[in-house]
Each structure stands twice: as structure tokens, then as C-alpha cells.
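Let me begin by presenting the structure, written as C-alpha cells, before commenting on it.
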Amino acid sequence: MKDRYDVVIIGSGLGGLISANILAREGYTVCVLEKNNQYGGNLQTFVRDKTIFDTGVHYIGGLSEGQNLYQYFKYLDILDDLNLKKMDEDGFDIITFGNDQTEYKHAQGYQNFAETLIDQFPEEEKAIKSYCAKLKETCNQFPLYHLKHGKPYIENLELFEESAKEYIESLTTNKKLISVLSGSNLLYAGDGKTTPFYVHALSVNSYIESAYRCVNGGSQISKALIRKLKKFGGEAYKYKEVVAFNFDDKEIVSVTTKDGKEIKGTTFISNVDPKLTLKLIGGQKLRKSYINRVQNIESVISTFSLYIVLKPNTFKYRNKNYYHFKGENSIWTAQDYTQESWPEAYMVSMGVKKDTDQWGESITAMTYMNYDEVIPWENTFNTVAHKNDRGQTYEEFKAQKAEAFIKEIEKKFPEIRSCIQEVYTSTPLSYRDYIGNNRGAAYGYVKDVNNPLKSFVSPRTKIKNLLFTGQSLNMHGILGVTISAVITSSELVGREYLLNKILESNKEKDPQ
Ligand SMILES: Cc1cc2nc3c(=O)[nH]c(=O)nc-3n(C[C@H](O)[C@H](O)[C@H](O)COP(=O)(O)OP(=O)(O)OC[C@H]3O[C@@H](n4cnc5c(N)ncnc54)[C@H](O)[C@@H]3O)c2cc1C
């Protein structure tokens, strides 16, 4: 470790790692401090029964040549390190409801997407085409989404005040089509009362452009970013949980880690949930009004996941995700479940290996779970780096939830139980402990059409040399967080300058 760094980054989630890469490329001395035994935050994978599972990446959009994430990753020079599998072009997301056997398809490419839906809803061509045009028009209003110069924050408040549910419902009276267009909303924890249309548009547009799975898991992205960071002289350390920020008057001079190390720096970037970052800083250095504003932003609901190891040669590999709802009425309300109705909606995704052919090896199934359900065990903490058993009652709780979830999945996939070799689970506490976020929130903070400015968190904080990055700013997801990191890094290197560099790097030809 150096005596002092230009930039100290707390947390090695995607936002922290991309910011570190950008700044190291620009000649800054950079050090990333990660509390866990693995880099990557939500990009972490884990292995059970020799099977790799993702914790927070099931598929990635915008990665075909020339598309938005492709261009960002090309600048970061990690494309050659990635091993991806393109998902089914004619139906990468399948939306299904209750006992209805029909599988409604979201296809890749706008023309294909529209034609596939028109095939299933021949009367609804006009609504489907209007929807596609609206998605594109909305995304065009976010310059960095298309690597364009322009203000990163929108001044047009109307865009933030348009409800996803209301807009989609205004397109047609066909309830089924409305549900199908809204059907992948677990992607952004869609809630009929709050979710703005732009959140829906920015999320689904990139997958309609193209959808990929990571072969052997999403940790390949963090591994590639760590390799490139080191190439540019940057440093990263695991098992370095930051427990305190140290000040000289109004500026941070260093951070202290749990193992007692002091790391000095000029600028500090926190990739940790802003609510927790402010808790670490304490009340002395910041205005109460600022702390209260951030602490009062609502966090997105958490998740309960099943990680299923399949018996060999029993369950066909599906190169697509399934979003299943108990009924169409659950589309925008699945988070408001009761004990009896849970789970009202879920997503099923399959793991893929280099040699996956017709048989699948693993399934991840994810549904909503409110943090309040795990409050009985909230005083426990359990990660690989800090093991602490949560006890028998927690195991029983998980087993009971797993059984209820499998029962629901069985209705759609009747053969599934007989294909299961082993099931593992995660709860909101797993996310809270591994990621260090508020209430195990899946995707940062709730964006609310009724109060768009409420959840706005600027990368510039009220402390001069502290910046934020990550999914609590702007948008979540691999694409959203990548753009977040570009915005954060722009605060140091300049927005126009950085975007020009990214654009320039995309003009360079790949070596043959
Ligand atoms: C269940 C689930 C499924 C998802 N599926 C997809 C998907 O299919 N496609 C997609 O694009 N996106 C998906 N996402 C979202 C995506 O994974 C995240 O938005 C993104 O990875 C978050 O990046 P981040 O930069 O905010 O960092 P985070 O992932 O939030 O990481 C923060 C890091 O900070 C570290 N940290 C915390 N406190 C400290 C401390 N005190 N000291 C040091 N380090 C600390 C943590 O250990 C962690 O490594 C999913 C998320 C979830 C939860």
C-alpha cells in the first residue's frame, strides 16, 4: 500500500471498479477497499455442489457491437475478457400468468420485438408500435445512455412524473397486452404507485436491443476490471472494511479499516449505499437536513432467491428468462404480498456454462421479500469473511419459504421438483451483509413519480472531497451503474473530456 492515494474508493461494486479504472487510466493513483473476500458487490458469484451461481446479474443488455454498454466496455477494454451467451433472439424474456399456458414473448431487436408481439396480439399493432416509439423517445432524452454530449440530469421534470403503469395502461384496453408489456418489471421492482416510465424504458430498452447471459457468471466482469485496474497501476484490497472517515476540519484525510489500517487520500469515492456512508461519517460533519433527506429516501424492496442445483440431464436448458405472475392483477402490486399470497410474482433464470447443451445445470428463481420478514434475525451478521450462524429458527424460516416458492414454481414447471438435486436460498439479510446496503435493498432507492426529486442523489456530496457512485444514484443494473460511474468520474476529469475519450476509443479498430 502507498502512503497516500489521489483517490480512495470504498467498495468494489461495479460503480467502484469502473470509477477506479477510469481514474487510473487518467493517471490518478487509486486504491479500492473492499470488505468482502470477493470483489464485485452484486457481481459476486458463489459455488455450491460445483455449480456457479450469480447473486445479482442474470442477464445484460446493450452489449452487441456498437450498442451503449458495448461502447462503455470497449473503452474499459474488457470486451475480450467476457464470455457471453446471446439469449434467445425470438424470446429472451417470457411472460406468463397463472394457469394460462400461453407464453408471451419479448424478442430482441425492435422490429422483431414488435412483430413477435403483433403475432400474439394481431389487433394491437398500433399500441405496440406506439409503445416501441415511446421507449426509444424516452431513452433518447438521457444523453449518456446513448453516449451523447449533454446535461446528465434532465431538466424536463415531466419526464420524471410520468407513471409507467399509467402510460402503459393508456395504450390499449387489452389487459393482457398491458400485463405483457409490463411483465419484466421485477427488473426494476416496478410498483404501480411509484415507478416512473423512464425507469421502465431505460431498463427494458437495453435488453430489447440485445440480451446476454454471462457464461460461468457475472464475476468475470469484476475480474476483468480488477486486471485492467492493476495494468494502469491501480490497487485493490479485499478484507478491508472501512469503519471510519477521518477529517481535518471539513475535509476527509483518510479512512480507517476494521483491521486498524489508515489509508490516506485526496479524494474519496463511496460505492457504499449513501445512507450507510453517512452513518459511517456520523452527524458532526454534515448538516442535519442533508442527512435527514438522504435517510428518508425509501430503499427498494429486497428479494428472496432459490439457487437450485439440477440433477444431471433432467431439466432442459432454456436460453430465456421467465417472469411469472399469479394473475394479471399482481403485475404492479406483487410487492404488497401477504403471507398467504406470497410469492405473487417471480423470475426464473438459468445458469450457463461453456459446454451447456440441451440440459441445464442450475436455476435461480427470485421473488420479492420485505426486510421486515427477517427482522427477528437482524442482529446477526453472516458472510464468508465474517461467519456467524443465524440459528435454527432462521434455517426453518428459509426452508418454509423455499417450500412455498417451489410449490408456486411447480405450477408453471410441473417437473421441477423431481429435477432438484439441492436447493440453497438467500434472504434480504444475505444482501444486507454481503453488499452492505440498507434493508438488503435490491436496486438502491425508490424512484417516485409523485416526488421525483426526493430520490435524487448527486455524486457530489456536502463534503468537498467525497463523491458517491453506484446504484443508488441514477439507475441500477450493469448499464445504469456503468453510466453512474462515468458521471462520478466526470466530477474529477471533466464530462466532455471523458465522453470524448470514450467515443475516441470506440473509433479505434480492434487489432486483427
Ligand atoms: C437479485 C438481483 C438481481 C439482479 N439482476 C441484474 C441483472 O440481471 N442485470 C443487471 O444489469 N443488473 C442486475 N442487478 C443489479 C446490479 O447487479 C446492481 O445494480 C449493480 O451490480 C450494483 O453496483 P454498485 O456499484 O451499486 O455496487 P454494489 O453491488 O452495491 O457493491 C457495493 C460494494 O461495496 C462494498 N462495501 C460495502 N460497505 C463497505 C465498507 N464499509 N467497506 C468496504 N467495502 C464496502 C460491498 O461489499 C460491495 O462489494 C441485480 C441485483 C440484484 C440484487
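Note that ligands are numbered from 1 as they come in the structure, with each ligand's atoms numbered from 1 the same way. Note: hydrogens, waters and symmetry copies are ignored here, and every other heavy atom, side chains too, is used. FYI, the numbering just counts along the sequence from 1.
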For atom 34 (O) of ligand 1, which protein heavy atom lies nearest, and how many Å away is it? G11 CA, 3.3 Å

Is it the case that ligand 1 has an N or O less than 3.5 angstrom from some N or O of G470? no

What is the nearest protein non-hydrogen atom to atom 22 (C) of ligand 1, stated with its residue, atom name and distance? Q471 OE1, 3.7 Å

Do the side chains of R439 and E378 get close enough for a salt bridge, i.e. N-O under 4.0 angstrom? no

Can an N or O of Y431 be found at a distance shorter than 3.5 Å from an N or O of ligand 1? no

Heavy-atom donor-acceptor pair, N185 side chain to I331 backbone, under 3.5 Å: yes

Does some non-hydrogen atom of Y434 fall short of 4.0 Å from ligand 1? yes

Atom NZ of K86: over 12 foreign heavy atoms under 6.0 Å: yes

Kindly confirm or rule out an N or O of V242 lying under 3.5 angstrom from an N or O of ligand 1. yes

At under 4.0 Å between heavy atoms, which part of N271 makes contact with ligand 1: side chain, backbone, both or neither? both

Is there at least one pair of N or O atoms, one from G15 and one from ligand 1, spaced under 3.5 Å apart? yes

When you measure from the side chain of K285 to the backbone N and O of I463, does any donor-acceptor pair fall under 3.5 Å? no

For atom 33 (C) of ligand 1, find the nearest protein heavy atom and state the residue, atom name and distance (0.1 Å precision). G13 N, 3.6 Å

Any side-chain heavy atom of Y212 sitting closer than 4.5 Å to one from S64? yes

Ranking I435, V272, N42, V57 by closest non-hydrogen atom to atom 21 (O) of ligand 1, top hit is N42

I need the minimum non-hydrogen distance between D54 and F46, along with the two atoms involved. O-CE2, 4.4 Å

How far is atom 44 (N) of ligand 1 from its nearest protein heavy atom, and which residue and atom name does that atom have? K35 N, 3.3 Å

Pair H476 + Y188: ring centers closer than 6.0 Å: no

Here the side-chain hydrogen bond (donor to acceptor under 3.5 Å, both in side chains) pairs for residues 6-19, sequence neighbours left out, are D6-T29, S12-E34

Less than 6.0 angstrom separating the ring centers of Y198 and F142, yes or no? yes

Any N or O of E241 closer than 3.5 Å to N or O of ligand 1: no

Geometry only, no angles: is T303 polar-contacting ligand 1 at N/O separations under 3.5 Å? no

Would you mind telling me if ligand 1 is within reach of the side chain of L33, the backbone, both or neither, using heavy atoms under 4.0 Å? backbone

Say whether L14 and ligand 1 are in contact under the criterion: heavy-atom distance to a ligand atom below 4.0 Å. yes

Working for ring pair (Phe, Tyr, Trp, His ring centres under 6.0 Å), residues F405 and Y346: CA-CA 9 Å; F405 197 176; Y346 62 80; 5.7 Å; yes

Cationic tip of K275 within the cone over Y445's six-membered ring, i.e. under 6.0 Å and within 45° of the normal? yes

To which of G56, S484, S305, S426 does the heavy atom nearest atom 52 (C) of ligand 1 belong? G56

Closest heavy-atom approach to atom 10 (C) of ligand 1 among F304, F468, Y207 is made by Y207

In the protein, what heavy atom is nearest to atom 8 (O) of ligand 1, and what distance, to one decimal place, separates them? H58 N, 2.7 Å

Polar contacts were defined as any N/O atom of the residue lying under 3.5 Å from an N/O atom of the ligand; does this apply to M366 and ligand 1? no

Short N or O distance, Y59 and ligand 1, threshold 3.5 Å exclusive: yes

For ligand 1, which atoms have a heavy atom of T55 less than 4.0 angstrom away? 1 (C), 2 (C)

Which atoms from ligand 1 have a heavy atom of N36 less than 4.0 Å away? 47 (O)

Would I10 count as a contact residue for ligand 1, given that I'm defining contact as a non-hydrogen atom of the residue lying under 4.0 Å from a ligand atom? yes

Going by side-chain contact (heavy atoms from CB on, under 4.5 Å), E344 matches just one of Y337, Y368, F325. Which one? Y337

Would you confirm whether the ring centroid of Y322 sits within less than 6.0 angstrom of the ring centroid of F413? yes

Atom indices of ligand 1, in the order listed, that fall short of 4.0 Å to a heavy atom of I478: 10 (C), 11 (O), 12 (N)

H476 to ligand 1: N or O pair under 3.5 Å? no

Reference residue T488; test side chain to side chain donor-acceptor pair (under 3.5 Å); the match among N271, T469, N474: T469

Between Y443 and ligand 1, find which residue part has any heavy-atom pair under 4.0 Å and reply side chain, backbone, both or neither. side chain

Thinking salt bridges, do D448 and K454 make one under a 4.0 Å N-O criterion? no

